[in-house]
Amino acid sequence: MTRPLRYLALAALLAGCDGDPYPATGLRPEVPAGWSRWRGEPPMVPGTVVDAWRVPTTGEADGSLIVFRSPYLPRTTAAQLVEQRRFLLLNLPETELLDARVIDVGGIDVGGIDLGGVAAAFVELRAAGTGSALAPTGLGRPVATGGETTLIPTRRLWVAMPLDAARGTIEIVLHCPDGAIDRLRDAWAEILGSLRPAEHGGNP
């Protein structure tokens with residue numbers, strides 16, 4: 001099966017009969033009104049795409065926001081995922097790791113009591129890409145693909161939440177041209193704040 005057809009099949013499987021992919025994840029992000037759903041095949045990520053948006057910027061290219069699922073290993077912690085990603089990224093050519101830590105996603109305050117959220121791995125990096133995706137580096141250097149002729153410095157913000165065997169690990173990636181990141185940080189924070197696990201009042 002070709003990659004575009006495989007993506008469509010996976011999307012249909014996740015969506016189910018009602019076309020809503022989110023019951024399988026227990027999390028539903030809220031994105032800014034000006035962001036549109038990605039048309040066609042989204043940028044490649046290491047997992048099964050649940051949803052994707054095109055992120056408008058005032059820079060040289062649009063960005064992307066992608067929600068995807070990856071496998072879950074029992075008793076995996078967010079701290080372990082941070083170390084795994086740190087090791088991976090430090091070994092990729094021409095990749096600058098800017099941050100790697102555990103964060104709390106989707107915590108809520110009720111009557112002054114912080115109920116907490118989901119512990120998640122967070123990494124931030126800069127590498128060559130298109131603004132909406134990082135360039136593949138399988139040849140030992142970033143390579144332009146898909147008709148792209150010029151690569152630009154691209155920022156990636158990456159959150160991974162290990163949930164359980166049924167829901168897997170839910171991951172959210174924001175890509176944008178490096179110069180646009182400061183204008184998108186508030187939107188990124190609001191997206192993470194909107195993620196409510198079902199047990200904390202989120203969308204089941």
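These numbers come from a predicted model, not from an experiment. Computed over heavy atoms, backbone and side chain alike; hydrogens, waters and symmetry mates excluded.
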(Q) One pair to check against side chain to side chain contact (heavy atoms under 4.5 Å, CB included): Val123 and Arg86. What are the steps and the verdict? (A) CA-CA 8 Å; Val123 296; Arg86 187 199 305 272; 6.0 Å; no
Q: Considering non-hydrogen atoms only, spot the tightest contact between Ser64 and Pro43 and give its length.
A: OG-CG, 4.0 Å
Q: Please tell me if the side chains of Leu134 and His175 come closer than 4.5 Å, counting only heavy atoms from C-beta onward.
A: yes
Q: Report yes or no: do Ile152 and Leu174 belong to one cluster of Ile/Leu/Val/Met/Phe/Trp/Tyr joined by side chain heavy-atom distances under 4.5 Å?
A: no
Q | Residue pair Leu157 / Phe122, side-chain heavy-atom distance below 4.5 Å | A | yes
Q | Pro56 side chain reached by Trp35 side chain, heavy atoms, under 4.5 Å | A | yes
Q. Does some side-chain heavy atom of Pro29 sit less than 4.5 Å from a side-chain heavy atom of Val67?
A. yes
Q: Can you measure from CG (Leu97) to CZ (Phe87) and round to the nearest 0.5 angstrom?
A: 13.0 Å
Q) Taking C-beta and beyond as the side chain, do Thr154 and Thr130 meet within less than 4.5 Å on heavy atoms? A) no
Q: Can you see which heavy atom on Val82 is nearest to which on Arg101, and at what distance?
A: CG2-O, 3.3 Å
(Q) Please check this pair: side chain of Arg69 against backbone of Arg167, looking for a donor-acceptor N/O pair closer than 3.5 Å. (A) yes
Q | Inter-residue atom distance Asp186.CG - Ile191.CD1, 0.5 Å rounding | A | 11.0 Å
Q) What distance separates Glu96 CD from Asp178 CG, expressed to the nearest 0.5 Å? A) 8.5 Å
Q) What is the minimum heavy-atom distance between Ala61 and Gly131, and which atoms define it? A) CB-CA, 4.5 Å
Q | Distance, nearest 0.5 Å, that separates CD of Glu83 from CG of Leu88 | A | 12.5 Å
Q.
For the backbone of Pro93 and the side chain of Thr95, can you confirm whether one donor and one acceptor N or O come within less than 3.5 Å of each other?
A. yes
(Q) Here's a test for you: under side-chain contact (heavy atoms from CB on, under 4.5 Å), which of Ile172, Leu81, Ile103 qualifies with Met161? (A) Ile172
(Q) For the CZ atom of Arg37 and the CG atom of Leu65, what is their distance to the nearest 0.5 Å? (A) 10.5 Å
(Q) Tell me whether Tyr72 shares a hydrophobic cluster with Phe68, the cluster being built from Ile, Leu, Val, Met, Phe, Trp, Tyr side chains joined at under 4.5 Å. (A) no
Q: Any chance you could measure Trp188, atom CH2, to Arg155, atom CZ, to the nearest 0.5 Å?
A: 12.5 Å
Q: Give a yes or no on whether the backbone of Pro71 and the side-chain of Thr169 come within a donor-acceptor separation of less than 3.5 Å.
A: yes
Q | Closest contact, heavy atoms only, Pro162 versus Ala119 | A | CD-O, 3.8 Å
Q.
Which heavy atom of Cys176 sits nearest to which heavy atom of Ala180, and what is that distance?
A. SG-C, 4.3 Å
Q: Grab the two heavy atoms, one from Val45 and one from Val49, that are nearest each other, plus how far apart they are.
A: CG2-CG2, 3.8 Å
Q: Please examine the side chains of Ser132 and Asp62, heavy atoms only from C-beta on, and report whether any two atoms are closer than 4.5 Å.
A: no
Q) Can you hop from Leu98 to Leu184 via hydrophobic side chains spaced under 4.5 Å? A) no
